[in-house]
Amino acid sequence: IPESGHKYYLQFSTEDYRTGEDAGSCLATVLYPKKKSPPVVSIKCSQTKDKKEIQEEDKRLYQRIRHQTKPITGNNIPDSYGNIEPALEPVWALAVAGSSSIMWEKSTETLGYFLAQVKAVKQWIRKDGFIEFDYTVLLHEIPTQEIISCHMRLTWLPGHPLKVKHFCASASHGLDEGSGAESGSAAGASAEKGANF
């Protein structure tokens, strides 16, 4: 699109990242603006799970985390063999949801990202019912093969937006600007800008 950028039309299917089950299909348009800014995405999906089922999954994930007797901490998730301890699966699930907002914000037409590993995670105990974690995540940059380290603070309560604040650094890029807050459920989200922390 002259003066605006490149617009793509996509049709794709989705799957549950844990079970591999079909999660529905989507139609999307993605505009990569000429100026350096996140892509503009419009998406419509038909989901195989209804909203109530997604809310129940969110609630189960939340209860698993809330029933811990002490703050959750962990390192190297998954480990070098690709294994995730069952007790750390909820922490990984939230890392997948939260880091997707970082990947969306950093992606360009020529660069993409995948969550490679949670290097470290620490839970903060709150009295208001919200779950809060500090993460150090490693993102795999494609096609450069560089590993980007990002600090991410994630706050969540079922029925409320998932909030993510982050800053990223890499060997060749130095310190990148941080970003804002991610809004959505643990099952799916849309992004909104916020302040650094």
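If you read the sequence from its start, that first residue is 1, and numbering goes on from there.
Taking hydrophobic clusters as Ile, Leu, Val, Met, Phe, Trp and Tyr residues chained together by side-chain heavy-atom distances below 4.5 Å, Trp124 does not share a cluster with Trp156. Hydrophobic clustering, with ILVMFWY side chains joined whenever heavy atoms are under 4.5 angstrom apart, groups Val96 together with Ile131. Linking ILVMFWY side-chain heavy atoms closer than 4.5 Å, directly or via other members, places Ile1 and Val30 in two distinct hydrophobic clusters. With hydrophobic clusters built from ILVMFWY side chains whose heavy atoms lie under 4.5 angstrom apart, Trp104 shares a cluster with Leu10. There is no path of hydrophobic side-chain contacts, each under 4.5 Å, that joins Leu94 to Ile125.
In plain terms, the two heavy atoms of Thr14 and Cys26 that are nearest each other are CG2-SG, 3.9 Å. Of all the heavy atoms in Leu157 and Gly129, the pair that sits closest is CD1-O, 3.4 Å. Looking at every heavy atom in both residues, Ile43 comes nearest to Ala28 through CG1-CB, 4.0 Å. Closest of all the heavy-atom pairs between Tyr135 and Leu154 is CE1-CB, 4.2 Å. Taking both residues in full, the closest heavy atoms of Pro39 and Ser107 are given as CD-O, 4.0 Å, listed atom of the first, atom of the second, then distance. Residues Met152 and Gly98 approach most closely at SD-C, 3.5 Å, considering heavy atoms.
Proximity of Asp22 to Glu15: side-chain heavy atoms (C-beta onward) are nowhere separated by under 4.5 Å. Residues Lys106 and Ile148 form a side-chain contact, since some pair of their non-hydrogen atoms from C-beta on lies under 4.5 Å apart. Side-chain contact between Ile77 and Val121 is present, with at least one heavy-atom pair separated by less than 4.5 Å. At least one side-chain heavy atom of Met103 sits less than 4.5 Å from a side-chain heavy atom of Leu139. Side-chain contact between Arg126 and Thr155 is present, with heavy atoms from C-beta onward closer than 4.5 Å. Between Val41 and Thr29 the shortest side-chain heavy-atom distance does not fall below 4.5 Å.
Atom CD of Glu109 sits in a crowded spot, with more than 12 heavy atoms from other residues, nucleotides or ligands closer than 6.0 Å. Enclosure of atom OH in Tyr9 is not indicated, since only 12 or fewer non-hydrogen atoms of other residues, nucleotides or ligands lie within 6.0 angstrom. Summarising the local packing, CD of Gln145 is surrounded by more than 12 heavy atoms from other residues, nucleotides or ligands at distances under 6.0 Å. Within a 6.0 Å radius of NZ in Lys34, other residues, nucleotides and ligands contribute more than 12 heavy atoms. Heavy-atom neighbours of Tyr8 OH from other residues, nucleotides or ligands within 6.0 Å: above the threshold of 12.
Separation of atoms CD1 (Ile142) and OG1 (Thr110) is listed at 12.5 Å; rounding is to 0.5 Å. Atom-to-atom distance recorded for Trp92:CH2 and Ile84:CD1 is 5.5 Å, nearest 0.5 angstrom. Taken from SG in Cys150 to CZ in Phe167, the straight-line distance is 9.0 Å, to the nearest 0.5 Å. Atom OH of Tyr113 sits about 8.5 Å away from atom SG of Cys168, to the nearest 0.5 Å. To the nearest 0.5 Å, atoms CG (Leu88) and CG (Asn75) are separated by 9.5 Å.
In this structure, Ser80 has no side-chain hydrogen bond (donor to acceptor under 3.5 Å, both in side chains) partners at least two apart in sequence or on a different chain. For the salt bridge (charged side-chain N to carboxylate O under 4.0 Å, His left out) test, no residue two or more places apart in sequence or in another chain qualifies with Asp79.
In this structure, a donor-acceptor pair under 3.5 Å is absent between the side chains of Ser13 and Ser25. There is a side-chain donor-acceptor pair under 3.5 Å between Asn76 and Lys119.
Note: Phe130 and His160 meet the aromatic proximity criterion, with ring centroids under 6.0 Å apart. Ring pair Tyr32/His6: centre-to-centre distance not below 6.0 Å.
Under a 3.5 Å cut-off, the side chain of Gln117 and the backbone N or O of Pro78 do form a donor-acceptor pair. Looking only at distances, no side-chain donor or acceptor of Gln123 sits under 3.5 Å from a matching main-chain atom of Pro71.
For residues 51-82, the set of pairs meeting the ring-ring contact (aromatic ring centres under 6.0 Å, His included) definition, not counting sequence neighbours, is empty.
One finds no salt bridge joining Asp50 and Lys52 here, because no Lys/Arg side-chain nitrogen approaches an Asp/Glu carboxylate oxygen to under 4.0 Å.
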Requested in this report: Kindly indicate, with the supporting measurements, whether the criterion side-chain contact (heavy atoms from CB on, under 4.5 Å) is fulfilled by Ile72 and Lys122.
Outcome: CA-CA 6 Å; Ile72 299 169; Lys122 177 182 177 182; over 6 Å; no
Practice item. Apply side-chain contact (heavy atoms from CB on, under 4.5 Å) to Thr144 and Leu111, showing your working. Key: CA-CA 8 Å; Thr144 67; Leu111 286 179; 3.8 Å; yes
Verdict with supporting geometry, His166 and Ile102, side-chain contact (heavy atoms from CB on, under 4.5 Å) = CA-CA 7 Å; His166 77 272; Ile102 303 173; 3.6 Å; yes
**Study point:** Worked verdict on Phe133 versus Val118 for side-chain contact (heavy atoms from CB on, under 4.5 Å)
**Key:** CA-CA 12 Å; Phe133 286 97; Val118 171; over 6 Å; no
